[in-house]
Amino acid sequence: QEFREDFSQMQSQFINLKIAFTNLNELTNLISSLTEGKKNILVLFQNNNELRATGGFIGSYGNITLDYGRIKKMEISSIYDLDGQLQENIAPPRPILNVNNRWFLRDANWFADFEESAKKIISFYEKEGGETPESVIALTPALIVDLLKILGPVYLPTYKVNLTHENFIETTQIKTSGIYSDPENKPKQIFADLVPVLLQKINTMDRELWPNLLEAIQVNLSTKQIAFYSNKSELQSKFEEFNWAGKIQETDRDYLAIIGS
């Protein structure tokens with residue numbers, strides 16, 4: 001009797017540990033599938049201060065080429081640079097007609113189901129001259145804010161700014177606006193300069209900080225600050241299994257979904 005409560009707690013912990021190891025094994029396989037071989041990944045930076053169905057307005061995008069997990073090429077630019085390449089005149093969903101009679105990639109995340117939006121985004125990306133990506137990753141500034149909390153401030157000498165988790169959103173919005181954009185007319189360049197610095201800091205950070213980093217990523221995944229799509233069915237199934245695909249769930253009952261675009 002005196003050991004019953006302790007035994008029940010241990011039994012529960014063993015079950016949770018077994019689930020954790022199973023998830024870790026699945027996660028390892030998922031990361032391996034995502035990075036093995038040569039991969040072309042489209043990254044969308046969504047501004048969640050300007051809401052859209054999948055999390056925010058797509059102000060910037062990144063084209064990343066991976067070679068067995070190593071970044072071989074990374075280009076980050078304004079979405080307007082890409083949209084300027086669109087030759088085809090595509091009619092938008094009716095509500096967009098109030099502001100624009102043409103449909104561009106920047107408004108392609110119109111559908112609340114991320115898979116549906118990602119397929120439309122890929123279609124526009126191809127029409128605007130981009131190489132077909134195998135995967136699409138969308139993320140909001142919330143992830144970068146959380147990374148800065150862990151990694152500490154990042155000083156960017158070109159812009160003479162020290163980015164912290166407290167000033168990141170306000171500073172980057174000022175730096176990327178048309179009023180304050182740089183003379184070379186590359187207002188989104190600050191993101192292109194920041195990302196490699198963040199990756200370098202992650203690569204060299206203390207081992208003690210890894211649990212904090214993993215927790216931050218997990219929180220951002222669970223709150224849908226990050227969403228994944230792959231045109232490879234096996235990989236897409238894994239994203240859905242981990243609930244990272246941003247899908248509208250099937251249900252046998254009615255429900256209310258309010259989508260802001």
Side-chain angles (χ1 to χ4, degrees), residues 27-28 30-48 55-56 58-79 81-82 130-131 133-169 171-173 175-176 182 186-221 223-230 235 239 242 244:
L27 183 58
T28 303
L30 175 60
I31 293 172
S32 177
S33 300
L34 186 61
T35 58
E36 68 184 5
K38 292 186 177 181
K39 296 285 190 297
N40 188 35
I41 299 174
L42 178 62
V43 180
L44 308 171
F45 298 94
Q46 300 188 123
N47 179 9
N48 52 4
I58 305 170
S60 308
Y61 77 97
N63 178 28
I64 299 176
T65 302
L66 295 179
D67 189 359
Y68 287 93
R70 292 183 176 275
I71 296 176
K72 300 296 288 185
K73 185 182 74 171
M74 180 169 59
E75 298 173 349
I76 299 176
S77 186
S78 167
I79 201 71
D81 294 340
L82 199 58
E131 181 183 348
E134 289 192 5
S135 299
V136 179
I137 303 174
L139 54 92
T140 76
L143 173 63
I144 298 178
V145 169
D146 286 346
L147 291 179
L148 288 170
K149 286 180 184 177
I150 298 166
L151 301 171
V154 171
Y155 182 69
L156 298 178
T158 304
Y159 310 91
K160 298 179 180 178
V161 294
N162 200 39
L163 294 176
T164 69
H165 70 277
E166 295 171 322
N167 70 10
F168 171 75
I169 292 176
T171 302
T172 52
Q173 283 184 341
K175 293 291 182 181
T176 57
D182 62 283
K186 294 182 179 178
K188 308 298 181 181
Q189 185 63 33
I190 189 169
F191 291 117
D193 294 342
L194 172 63
V195 171
V197 178
L198 281 177
L199 292 175
Q200 179 62 26
K201 292 195 77 166
I202 290 172
N203 195 42
T204 57
M205 72 180 188
D206 293 336
R207 288 185 178 181
E208 293 78 14
L209 294 176
W210 274 102
N212 303 53
L213 178 67
L214 294 174
E215 182 181 3
I217 293 173
Q218 179 62 44
V219 168
N220 279 270
L221 285 165
T223 56
K224 302 299 180 285
Q225 307 298 332
I226 313 172
F228 292 86
Y229 167 76
S230 175
L235 190 54
F239 289 148
F242 278 91
W244 295 349

Within-4.5 Å side-chain heavy-atom neighbours: [X] and [Y]:
{"X": "K73", "Y": "N63", "value": "yes"}
{"X": "T164", "Y": "P153", "value": "yes"}
{"X": "N162", "Y": "V154", "value": "no"}
{"X": "W244", "Y": "I226", "value": "no"}

Between L221 and F228, is the side-chain contact (heavy atoms from CB on, under 4.5 Å) condition met? List the steps.
CA-CA 10 Å; L221 285 165; F228 292 86; 3.5 Å; yes

With rounding to the nearest 0.5 Å, note down the distance linking [atom1] in [X] to [atom2] in [Y].
{"X": "Y61", "Y": "I76", "atom1": "OH", "atom2": "CD1", "answer": "10.0 Å"}
{"X": "L199", "Y": "M74", "atom1": "CG", "atom2": "CE", "answer": "5.5 Å"}
{"X": "D206", "Y": "L151", "atom1": "CG", "atom2": "CG", "answer": "10.5 Å"}
{"X": "I137", "Y": "L44", "atom1": "CD1", "atom2": "CG", "answer": "9.0 Å"}
{"X": "F45", "Y": "T140", "atom1": "CZ", "atom2": "OG1", "answer": "11.0 Å"}
{"X": "L82", "Y": "S77", "atom1": "CG", "atom2": "OG", "answer": "8.0 Å"}

Could you pull out the closest heavy-atom pair between [X] and [Y], with the gap in Å?
{"X": "V219", "Y": "T223", "value": "O-OG1, 2.8 Å"}
{"X": "K160", "Y": "Y155", "value": "CA-OH, 3.8 Å"}
{"X": "N48", "Y": "P141", "value": "OD1-CD, 3.7 Å"}

Does this structure show an ion pair linking K149 with D146, if we count only N-O contacts that are shorter than 4.0 Å?
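Between D146 and K149 there is a salt bridge, with a charged N closer than 4.0 Å to a carboxylate O.
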
Measure from the side-chain N and O atoms of [X] to the backbone N and O of [Y], and report whether any donor-acceptor pair falls under 3.5 Å.
{"X": "N40", "Y": "E131", "answer": "yes"}
{"X": "K72", "Y": "D67", "answer": "no"}
{"X": "S135", "Y": "S230", "answer": "no"}
{"X": "N220", "Y": "L143", "answer": "yes"}
{"X": "T171", "Y": "F168", "answer": "no"}

Please lay out, stage by stage, how L194 and I144 fare under the test side-chain contact (heavy atoms from CB on, under 4.5 Å).
CA-CA 10 Å; L194 172 63; I144 298 178; 4.2 Å; yes

Could you walk me through whether L148 and L198 pass the side-chain contact (heavy atoms from CB on, under 4.5 Å) test, one step at a time?
CA-CA 8 Å; L148 288 170; L198 281 177; 4.0 Å; yes

Run L147 and L213 through side-chain contact (heavy atoms from CB on, under 4.5 Å) and show every step you take.
CA-CA 7 Å; L147 291 179; L213 178 67; 3.3 Å; yes

